[in-house]
Amino acid sequence: MPVRQMKESSEQHLVIKPHLQNPMNPAKKTTKAAQNGKGPPPPEIDSQALPHSKNKGRRRGRGGRKPDQGDVMMRPRCRPCTATLTSSANGNVENDFISDMGFPTSSKSLSFARRPGYGQVGTKCIVKANHFFAELPDKDLNQYDVAITPEVSSKIVNRSIIAELVRLYKESDLGMRLPAYDGRKSLYTAGQLPFAWREFKIKLVEEEEGVNGPKREREYRVVIKFVARANLHHLGQFLAGKRADAPQEALQILDIVLRELATKRYCPIGRSFFSPDIRTPQRLGEGLESWCGFYQSIRPTQMGLSLNIDMASAAFIEPLPVVEFVGQLLGKDVMSRPLSDADRIKIKKALRGVKVEVTHRGSVRRKYRVSGLTSQPTRELVFPVDENSTMKSVVEYFQEMYGFTIQYTHLPCLQVGNQKKANYLPMEACKIVEGQRYTKRLNEKQITALLKVTCQRPRDRENDILRTIQHNAYDQDPYAKEFGIKISEKLASVEARILPAPWLKYHESGKEKNCLPQVGQWNMMNKKMINGMTVSRWACINFSRSVQDSVARTFCNELAQMCQVSGMEFNPEPVIPIYNAKPEQVEKALKHVYHVSASKTKGKELELLLAILPDNNGSLYGDLKRICETDLGLISQCCLTKHVFKITKQYLANVSLKINVKMGGRNTVLLDAVSCRIPLVSDIPTIIFGADVTHPENGEDSSPSIAAVVASQDWPEVTKYAGLVCAQAHRQELIQDLYKTWHDPVRGTVSGGMIRDLLVSFRKATGQKPLRIIFYRDGVSEGQFYQVLLYELDAIRKACASLEPNYQPPVTFIVVQKRHHTRLFANNHRDRSSTDRSGNILPGTVVDSKICHPTEFDFYLCSHAGIQGTSRPAHYHVLWDENNFTADGIQSLTNNLCYTYARCTRSVSVVPPAYYAHLAAFRARFYMEPDMQENGSTGEGNGHGSKGTRAAGDYSVKPLPDLKENVKRVMFYC
């Protein structure tokens, strides 16, 4: 094969193995990893030996755990963090400061809120959950360290080495044990092996990528050494609620054991397994296809060990001949037409890192990884064939060496090989290797096609899950048998309750002053917004060439009428005639309308800008929002062309709802809120926060993460939310700008941050300082619970203390999770009274038993009516509670808030403050200029008062542009 020498890459790949708290009996000898400094971090202090944090105000004796039980350590596969919040003499909470990652360290152990009892409110019913009871094994679980020399980075190769070792030595040296292996450094057995330490030599026939020549045999040295024994008694006590610290290692072993056979059968990705044999792959377009699979995870629950099984789908690269793949990717015939430079760039991006196999050598199917694409067509490529630099063309080489005639010589060659050299391979001599997941961003058509595959009605999804559990046949699984694990094949039946919908309050001038939603829905007929705003000065820009002036005028008139009917005062005439503009001139058009309108109104600000956009508008929407909200200070409402042509009352009603809240109004409020009947909200001034962090998409290695925090600005209504956003370090989950201080030359040390600013704005809006804080935090995985709670609760404490001495309102900190795999199904799908129109469980269905945490304060709530597919309940986990919420109290509050979402007349699936934070963070990504996709050294972000957008105190992150004052006062993100 032709070879072109390349410079040796200096790239290094570091694999960081998370180390776990190990509650197992340690081996006496120190492992080599510990000796060479690569072992786990210092062990966490035994939670049983420390005084417990009091979690101020938490009531006891209402069910759940006893006061003398240990602290929780239940985070699968996470780095443990010992945490503290120390109280100073004046009651302020301080951090004992600070580990190398900036997290407060501990002098008191931190425990999560314990379940205060079980909810009783609502209509009781039975639902089924995709959890399968797993019987606790009665065998000893042992962990062994595995060291393979020479070191191998591929899990697949590691598994092949251990599989060969087991094949050769199971009946002799391994004492008939069948071990489970994690693919890295750990081996697990049921019962001890006949040795504590042993070395094996394993020969493996391997195939090196990018190197000519036959397959060769390689010898590996494998050392297996006893490490520890898992404490199953500890696990049993934890599941029974008698201990609060989860034995992580035992849970991890059981999870690995149950994954072992599936790893051999299917293509493992994360905690899911995929195969083209589970269901026929469906084409997604541009060379991609969807594979179906299943998610599997062992979880500790109140009913004991539970195996959570769910269906999954993912995009894979279709195993096509490369020429055919390129044709699909570009959407044109590439066999006869030359490629443009844009085509080459698209092909290179799509194929870089993809594995291909050669097809021109008969039964020899060597595999290579694509590293690039030649800039020249194949017919122009030549290379030296000897030391005398005798040149030969690629076309001649393949003809003479393999008798292979290259037909499409106008196409470029693939560059393949390792870091030291690159080889040329003609496209038509290669086929894409099956089983490669596509990790880049999907386009709109591909997303739509994938959603069609994944969107299953509840009954169909339930049947597929049951088929999966039967097909996996855990009773016949040799690894499950070896370890004594038995899995039920029946879905768990769970007691649930359907919480009542709240009464909603509308304006007294409407025919319907109060409304009781039915099955999570209602409408605006005969109702008027409780606080309708006035729009006197507005304008419209039309960026859509297909929308004529008359059509645009008709649409604007209809929208103005709907706003008036809904309770707003809306001037039917715009300040200036509708202005037509080209999408590529968005900034020029916006500034023109802004200045012409200002001159027409004698300097008075334009209150609202309507914008008609093409259905496929690329970056136009984001550019418009960035310019309006950070440059001109305009509130805008965008409408797509398809809605302008096909005007529906429902669409106009929803747009009017959005306009009203953007103008600072309220659409509806909870009747119990204005009647001061919401427990632990209505009694004293209460502020409700929502927070979220959005991260860059896969493949974006330098873009910052965006954090957003919103907070209610009205009490007792808790309906209007102001929001702040900031850019922070790439993929940093902890919100860095919640509280911060900086030095001012005149004022000295100055305090600021998003929490502080929002507390101040609450005081200005209501005239009262918050005496209670409820904090809904979105987007946190279980492995991050400790770090996020510790860091962000500490920031809340400091923000409060910076405003006034001894100001420490009690905090309830709740994590909201949507990315989980628990699904709830009606007990009887034929019973129409127990499902909504989509066949899903009814809105308001709450579960806090059986499949929930053995001891901690969590619950699943399906607060919305399904539209299509299977509804995903939100999982709420109360990590910290100083307000003494009962289970009914927090569940009812959360469910009722879901009916206050401003943008529609439906209850939503996630509590609105968390939803708004997500919207604000998503919006803020549009504020980044193109050059902000890469980190730039720009210094610290603003620190002078409330700026709306800011950069965290990370010098490598460029700050977002500031929101204009009139924008950040309202719900601009709606």
Side-chain angles (χ1 to χ4, degrees), residues 13 15 17 33 143-190 193 195 198-225 252-253 255-277 293 296 316 319 353-358 363-369 416-418 432-437 472 477-480 482-483:
H13 301 278
V15 179
K17 181 185 178 187
Q143 179 185 359
Y144 292 82
D145 181 71
V146 175
I148 298 175
T149 309
E151 192 170 342
V152 179
S153 60
S154 167
K155 274 190 175 185
I156 295 172
V157 176
N158 280 340
R159 290 185 184 281
S160 298
I161 294 167
I162 297 302
E164 180 68 5
L165 187 152
V166 172
R167 186 184 72 79
L168 293 173
Y169 297 105
K170 178 185 175 184
E171 296 182 6
S172 54
D173 296 55
L174 300 184
M176 294 301 292
R177 299 286 183 207
L178 180 62
Y181 177 50
D182 70 354
R184 292 292 184 203
K185 299 287 186 182
S186 296
L187 191 81
Y188 304 100
T189 62
L193 294 174
F195 55 83
R198 187 154 299 178
E199 178 180 319
F200 299 88
K201 290 185 178 178
I202 302 297
K203 291 182 180 179
L204 199 66
V205 176
E206 62 178 27
E207 184 178 307
E208 288 191 39
E209 295 178 9
V211 178
N212 291 315
K215 296 178 183 179
R216 65 193 183 103
E217 193 174 65
R218 192 167 189 179
E219 185 173 272
Y220 295 91
R221 177 174 169 266
V222 182
V223 175
I224 298 177
K225 180 170 56 177
Q252 182 179 344
I253 293 172
D255 198 51
I256 289 169
V257 168
L258 289 174
R259 293 170 58 81
E260 186 73 26
L261 189 60
T263 299
K264 289 177 168 60
R265 285 180 175 174
Y266 307 113
C267 175
I269 296 173
R271 289 185 170 271
S272 297
F273 300 92
F274 297 93
S275 170
D277 301 327
Q296 172 182 297
F316 281 74
V354 173
K355 269 190 177 182
V356 296
E357 60 183 7
V358 297
S363 60
V364 178
R365 290 279 184 150
R366 296 290 306 280
K367 295 180 176 65
Y368 302 88
R369 194 175 295 277
V416 298
N418 57 27
I432 292 171
V433 174
E434 186 180 62
Q436 298 179 80
R437 188 186 180 190
N472 288 351
D477 183 336
Y479 295 94
E482 172 82 10
F483 284 79

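In this structure, the separation between CG on D277 and OH on Y266 is 8.5 Å, given to the nearest 0.5 Å. Considering OH of Y169 and CZ of F200, their distance stands at 7.0 Å, rounded to 0.5 Å. Here the OG-CD1 distance, from S160 to I202, works out to 12.0 Å after rounding to the nearest 0.5 Å. Within the model, atoms CG of N158 and CD1 of I148 stand 4.0 Å from one another, a figure rounded to the nearest 0.5 Å. Taken from CG in L261 to CZ in F273, the straight-line distance is 9.5 Å, to the nearest 0.5 Å. Of the inter-residue distances, the one linking Q143 atom CD with I256 atom CD1 reads 8.5 Å to the nearest 0.5 angstrom.
The nearest pair of heavy atoms linking G183 to K155 is O-CG, 3.6 Å. Across all their heavy atoms, A180 and V257 have their closest contact at CB-CG2, 3.8 Å. Across every non-hydrogen atom of L204 and E164, the tightest pair is CD1-CB, 4.4 Å. When all heavy atoms of E434 and P276 are compared, the pair lying nearest together is OE2-CG, 3.9 Å. K355 and R369 get closest at one heavy-atom pair: CE-NH2, 3.1 Å. The shortest heavy-atom contact between C267 and G435 is SG-O, 3.7 Å.
The local environment of CD in E171 is sparse, with at most 12 non-hydrogen atoms from other residues, nucleotides or ligands closer than 6.0 Å. Residue I156 qualifies as open at atom CD1: its count of foreign heavy atoms under 6.0 Å is 12 or below.
A donor-acceptor pair under 3.5 Å links the side-chain atoms of Q296 to the main chain of L258, judged by distance alone. A donor-acceptor pair is defined here as one N or O able to donate and one able to accept, closer than 3.5 Å; such a pair exists between the side chain of R184 and the backbone of S153. Listed for the R177 side chain is a donor-acceptor partner under 3.5 Å among the backbone atoms of A190.
Using a cut-off of 4.0 Å between Lys/Arg side-chain N and Asp/Glu carboxylate O, E357 and R366 are scored as not salt-bridged.
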Discussion item. Go through it in stages, so that I can follow the logic: the residues are L174 and S172, the test is side chain to side chain contact (heavy atoms under 4.5 Å, CB included), and I'd like the CA-CA distance, side-chain angles, deciding distance and then a yes or no.
Written reply: CA-CA 6 Å; L174 300 184; S172 54; over 6 Å; no
Item to complete: Would you sort out whether V354 and Q436 count as a side chain to side chain contact (heavy atoms under 4.5 Å, CB included), showing the intermediate values?
Response: CA-CA 8 Å; V354 173; Q436 298 179 80; 3.6 Å; yes
Item to complete: Quick one: do Y479 and K264 satisfy side-chain hydrogen bond (donor to acceptor under 3.5 Å, both in side chains)? Show the steps, please.
Response: CA-CA 12 Å; Y479 295 94; K264 289 177 168 60; 3.1 Å; yes
Practice prompt. Please test Y220 against V157 for side chain to side chain contact (heavy atoms under 4.5 Å, CB included), starting from the C-alpha separation and ending with a verdict.
Written response: CA-CA 11 Å; Y220 295 91; V157 176; 4.1 Å; yes
Discussion item. Let's go through E199 and K225 carefully: what are the C-alpha distance in whole Å and the side-chain angles of both, what is the deciding distance for side chain to side chain contact (heavy atoms under 4.5 Å, CB included) to 0.1 Å, and is it a yes or a no?
Written reply: CA-CA 9 Å; E199 178 180 319; K225 180 170 56 177; over 6 Å; no
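Under the ring-ring contact (aromatic ring centres under 6.0 Å, His included) criterion, F316 pairs with F274, W291, not counting sequence neighbours. Listed by chain and number, the residues in a side chain to side chain donor-acceptor pair (under 3.5 Å) with R198 are D173 (sequence neighbours excluded).
Here the side chains of R159 and E260 are in contact, with some heavy-atom distance below 4.5 Å.
For the side chain to side chain contact (heavy atoms under 4.5 Å, CB included) with V146, the qualifying choice from I162, D182, L165 is I162, the only one to do so.
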